[in-house]
Amino acid sequence: MEYKLMALDMDGTLLKSDKSVDPHTLESIRKAQDAGKIIVICSGRAMAEMKAYRDAFTDAGIRYYICESGAYLYDALKNQAVAVHPIAHECLPLIFSVMDQEDMMVQMMVHSHSNVTGSQIENMAHWQMEVYIPLYETCTDKWNDVIAYGRRVYEKNEPIEKINLYHTDPAARNRTRNRILSGLSDPSLLKLVDAETTSLEISGSEADKGSGLMEMAEYLGIDRRQVIAVGDADNDLTMLENAGLPVAMGNANEHVLSYVKENGAVTKDNDHDGCGAAIRQFLLKENI
């Protein structure tokens with residue numbers, strides 16, 4: 001099979017543990033683009049959270065982004081959204097109602113901006129998210145109360161594309177998940193996905209990385225069988241399941257490694273140019 005497109009998750013995949021990108025990986029991305037292949041970023045992040053990487057990605061030839069776990073697809077050359085899939089408006093009151101029942105940090109993505117309560121950023125270690133403090137300090141819109149902000153967005157009937165709830169421990173995350181599921185008249189209205197150690201990602205029914213990847217492939221006129229997806233965590237499983245070739249990072253969790261063991265391949269870990277190795281082996285076929 002000649003593969004034409006590779007989708008790369010960011011955190012735990014394209015990004016090293018220190019949140020930098022290996023220069024060798026960027027060079028492999030550039031080489032693939034020069035060879036007529038397409039590299040797409042497929043991340044849970046909003047476009048605003050790409051700020052630190054945009055120049056390097058643009059220099060490497062990256063044009064297309066699947067953001068917010070498939071809720072926001074973006075064409076950087078045209079500087080416009082390809083598609084937006086927000087959370088169903090009728091689900092938002094329920095989501096707001098669970099936010100004060102656990103000790104959590106809330107992040108809301110609106111128009112691909114990342115919105116948080118500014119005073120919580122310095123204490124993100126409390127919610128197991130300290131590695132993201134520099135990102136949130138520079139790339140978020142900071143509110144006195146992000147929940148109050150979200151309610152105003154809701155009252156104006158504006159879309160909220162994605163909500164992340166960061167908890168102190170996995171048990172608290174499970175309680176929040178159960179409260180949301182028990183309050184839904186139709187569980188299919190929302191997608192609830194575990195991420196990081198204690199995070200719960202909330203997206204609309206039409207938004208996940210897999211559907212976003214297929215929508216982007218269709219936009220680009222590429223058959224799903226010609227698509228490679230590379231990821232490391234549970235929120236990457238849908239894109240791995242939809243790709244012609246799923247590739248797990250060497251540091252991937254057991255769910256991802258178990259899936260690709262039967263259906264795909266494993267590359268190096270994110271601190272040792274794993275994405276670059278996957279590009280060279282599977283997209284450029286240099287090692288075959």
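The figures here come from the full heavy-atom set of this structure, side chains too, leaving out hydrogens, waters and symmetry mates.
Not one N or O on the side chain of K51 forms a donor-acceptor pair closer than 3.5 Å with the backbone of C139. T117 contributes a side-chain N or O that, together with a main-chain N or O of V146, makes up a donor-acceptor pair within less than 3.5 Å. T138 places a side-chain N or O within donor-acceptor distance of the main-chain N or O of L135, the cut-off being under 3.5 Å. A distance-only check finds a donor-acceptor pair linking the side chain of E161 to the backbone of H111 [under 3.5 Å].
Ionic pairing of D59 and R30 is not present here: no N-O contact between side-chain nitrogen and carboxylate oxygen is shorter than 4.0 angstrom. Classification of D223 and K4 as a salt-bridged pair fails, no side-chain N sitting under 4.0 Å from a carboxylate O. Residues E68 and R45 are not paired through a salt bridge, judged by the lack of any N-O separation under 4.0 Å between the basic side chain and the carboxylate. We find that K37 and E2 are joined by a salt bridge, their nearest charged nitrogen and carboxylate oxygen being less than 4.0 Å apart. The residues E155 and R152 are annotated as not salt-bridged, no charged nitrogen and carboxylate oxygen being separated by less than 4.0 angstrom.
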ask   = For N115 and W143, what are the C-alpha separation, side-chain angles and deciding distance, and is it a side-chain contact (heavy atoms from CB on, under 4.5 Å)?
value = CA-CA 7 Å; N115 300 273; W143 301 88; 2.9 Å; yes
inquiry  = With salt bridge (charged side-chain N to carboxylate O under 4.0 Å, His left out) as the criterion, how do D273 and K268 come out once you've worked through the C-alpha distance, each side chain's angles and the decisive distance to 0.1 Å?
reply    = CA-CA 7 Å; D273 190 29; K268 297 178 181 178; over 6 Å; no
ask   = Should W127 and M105 be marked as a side-chain contact (heavy atoms from CB on, under 4.5 Å) after you check the CA-CA gap, both sets of side-chain angles, and the distance that decides it?
value = CA-CA 7 Å; W127 298 284; M105 179 176 178; 3.8 Å; yes
request  = Could you walk me through whether E201 and K191 pass side-chain contact (heavy atoms from CB on, under 4.5 Å), step by step?
outcome  = CA-CA 8 Å; E201 297 185 347; K191 291 183 179 175; over 6 Å; no
Pair L189-C91, side-chain contact (heavy atoms from CB on, under 4.5 Å): steps then yes or no = CA-CA 8 Å; L189 288 172; C91 293; 3.7 Å; yes
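Ring-plane geometry between Y72 and Y74 is classed as parallel, the angle between the planes falling under 30 degrees on a 0 to 90 degree scale with a further cut at 60. Under the 30°/60° scheme for interplanar angles, the aromatic rings of H89 and Y154 are found to lie parallel.
Looking at L283 and I228, their side chains come closer than 4.5 Å, going by heavy atoms from C-beta outward. At least one side-chain heavy atom of M108 sits under 4.5 Å from a side-chain heavy atom of V106. The side-chain heavy atoms of D141 and Y149, taken from C-beta on, include no pair separated by under 4.5 Å. Two residues are said to be in side-chain contact when any heavy atoms from C-beta on lie closer than 4.5 Å; R173 and D169 fail this criterion. Here the side chains of N242 and K209 are not in contact, with every heavy-atom distance at 4.5 Å or above. Side-chain contact between S211 and E206 is absent, with no heavy-atom pair separated by less than 4.5 Å. Within the 4.5 Å cutoff, side-chain heavy atoms of I163 are placed close to those of I95. Taking 4.5 Å as the limit, some side-chain heavy atom of L14 sits within range of a side-chain heavy atom of T25.
Side-chain contact check for D271 and S17: at least one donor-acceptor pair (N or O, by modelled atom type) lies under 3.5 Å. There is no side-chain donor-acceptor pair under 3.5 Å between D232 and N253. No hydrogens or angles considered: a donor-acceptor pair under 3.5 Å links the side chains of D269 and H272. Side-chain contact of Y136 with Q107: a donor-acceptor pair under 3.5 Å is present, judged by distance alone. A donor-acceptor pair shorter than 3.5 Å cannot be found between the side chains of E49 and Y132. A donor-acceptor contact closer than 3.5 angstrom is absent between the side chains of H167 and N174. The closest side-chain donor-acceptor pair between E102 and T176, if any, does not fall under 3.5 angstrom.
Other residues, nucleotides and ligands contribute over 12 non-hydrogen atoms within 6.0 Å of the CD atom of E90. Shown here is K31, whose NZ atom has no more than 12 heavy atoms of other residues, nucleotides or ligands within 6.0 Å.
Taking both residues in full, the closest heavy atoms of P246 and L240 are given as CB-O, 3.3 Å, listed atom of the first, atom of the second, then distance. Listed here is the closest heavy atom pair of A83 and E215: CB-OE2, 3.3 Å.
With rounding to the nearest 0.5 angstrom, the OG1 atom of T198 is 7.0 Å from the CE atom of M129. Remark: I202 CD1 to R177 CZ distance equals 9.5 Å, nearest 0.5 Å. A distance of 12.0 Å separates CG of L181 from CZ of R179, quoted to the nearest 0.5 Å. Taken from CG in D100 to CG in D103, the straight-line distance is 11.5 Å, to the nearest 0.5 Å.
A cation-pi arrangement is found for R54 relative to Y65, the charged atom lying closer than 6.0 Å to the ring centre and inside a 45° cone about the ring normal.
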